[in-house]
Protein chains: 2
Amino acid sequence: MGATKTDHFTAKQNAIATLIKSLGHPARVAIIEYLLKVDTCICGDIVNELPLAQPTVSQHLKELKNAGLIKGNIDGNAICYCIDEKAIEKLQSYFAGISSKLAKQKNNCC
Amino acid sequence: MGATKTDHFTAKQNAIATLIKSLGHPARVAIIEYLLKVDTCICGDIVNELPLAQPTVSQHLKELKNAGLIKGNIDGNAICYCIDEKAIEKLQSYFAGISSKLAKQKNNCC
DNA sequence: AATATTTATCGTAATATTACAATATAAAAT
DNA sequence: ATTTTATATTGTAATATTACGATAAATATT
C-alpha cells in the first residue's frame, strides 16, 4: 500500500490535511518564513537562500503553489513569489477553532 | 535520496515542520476532530470510528503521540486519549504570527 | 485457568517523498 | 545571434509513509 485512503474521509478532512501537509517539511517552512521576512514579494532569490539544490527548491515551490500557499507571477526572467493570505487564514482559523473548542471542554480525564 | 535534510534547517523550523506534518494526513485530522467532537477523553473507541484497520489506526495514534498532539493514559484494558492543548496552541500561535506579519506587509507585487 | 477484549508490534507490499544531476525552456544581456 | 541568468522538467536513487495480516502482550471477564 502506501497510498492514503482519501476516499474514506470527508472532503474537508482531505482538503485541510493536504494544506497542512504542504507545510510539513522544514524546507517549505523556511520558504514561507523567508517570504515573510523579506516583507515583500521575492523575484529570483529563493534558491540562493536555501541549502538545497535548485531542482529541489523548484520542487518544493511547486508543492507550495499546488497547495495554494504561495502565488507565483512571472516577472521577466524571474518569478515573483509571495504568500497567499487566504491559505494562511484557513490554517489559522482551523487551529483557532480547535483551540476554542478545546477551551470549552470539560476535561474529564488526562 | 528521500531523507529530509533536517541538519540544514534551524531547530525551530524542524520542530514546527514535524508538528505540522503529524496533522498532514486525513486519518490524523479525523482522529483529532473526533477527540474534539466527543468533548471528552476517549477510552477505546477510536478504532471503530475510523475506516482503517486496527494496526493502521494504532500507527497513526502513535505518530500523533510522538508529535505531542495527543496524550494517552492507560485505563485498565483500554487507553484513554485526548488532545494536548499545548501542541494546538503552538500551531495556532505559529499561524497567527504568520497572519499578523502578513497583515503588516506592504504587498508590493502579486 | 481459559477466553475475550483492547492495543501494540512485526513484517512487508505498495506507493509517495525527497534530493539532485542532467537537461530543457525562456527571457535578458551582451 | 550568442551567451548568460533564472526556473522548470525529466529521470532516478534513496528513503519514508501508508496500510494491513499475523501475532504478541496485557488486562478483563467468565
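Just so it is clear: chains get the letters A, B, ... in the order the sequence lines come, proteins before strands, and each one is counted from 1.
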Take the protein atom [atom1] of [X] and the nucleotide atom [atom2] of [N], then report the distance between them rounded to whole Å.
X       : N      : atom1 : atom2 : answer
B:Asp75 : D:dA28 : CG    : C1'   : 12 Å
B:Leu64 : C:dT7  : CG    : P     : 15 Å
B:Asn66 : D:dA16 : CG    : P     : 15 Å
B:Leu52 : C:dA8  : CG    : C1'   : 16 Å
B:Ile74 : C:dT7  : CD1   : C1'   : 10 Å

On a heavy-atom basis, which atom in [X] and which in [Y] lie closest, and how many Å separate them?
X       : Y        : result
B:Leu36 : A:Lys101 : CD2-CD, 3.7 Å
A:Lys65 : A:Gly72  : CE-N, 4.0 Å
B:Val57 : B:Val47  : CG1-CG2, 4.0 Å
A:Ala87 : A:Gly68  : CB-O, 3.4 Å
B:Ile88 : A:Phe95  : CG2-O, 4.1 Å
A:Ala27 : A:Leu52  : CB-CD1, 3.7 Å

*Just by protein heavy atoms under 4.0 Å, how would nucleotides 6-11 of chain D read 5' to 3' in B, S and -?*
SBBB--
_Interface residues of residues 23-35 of chain A with DNA chain C (non-hydrogen, below 4.0 angstrom)_ = A:His25, A:Arg28
_Per the side chain to side chain donor-acceptor pair (under 3.5 Å) rule, what does the pair list look like for residues 17-27 of chain A, sequence neighbours excluded?_
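The answer is A:His25-B:Thr4.
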*For A:Glu33, what residues pass the salt bridge (Lys or Arg N to Asp or Glu O under 4.0 Å) criterion, not counting sequence neighbours?*
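Residues passing salt bridge (Lys or Arg N to Asp or Glu O under 4.0 Å) with A:Glu33: none at all.
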*Do A:Tyr34 and A:Asp45 meet the criterion of a side-chain donor-acceptor pair at a distance under 3.5 Å?*
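Yes, a side-chain donor-acceptor pair sits under 3.5 Å.
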*Listed partners of B:Phe9 passing ring pair (Phe, Tyr, Trp, His ring centres under 6.0 Å), at least two apart*: none
*Is there a donor-acceptor pair under 3.5 Å between the side chain of A:Gln13 and the backbone N or O of A:Thr10?*
yes
_So if I take residues 6-21 of chain B and measure heavy-atom distances to DNA chain D, which residues fall below 4.0 Å?_
B:Lys21
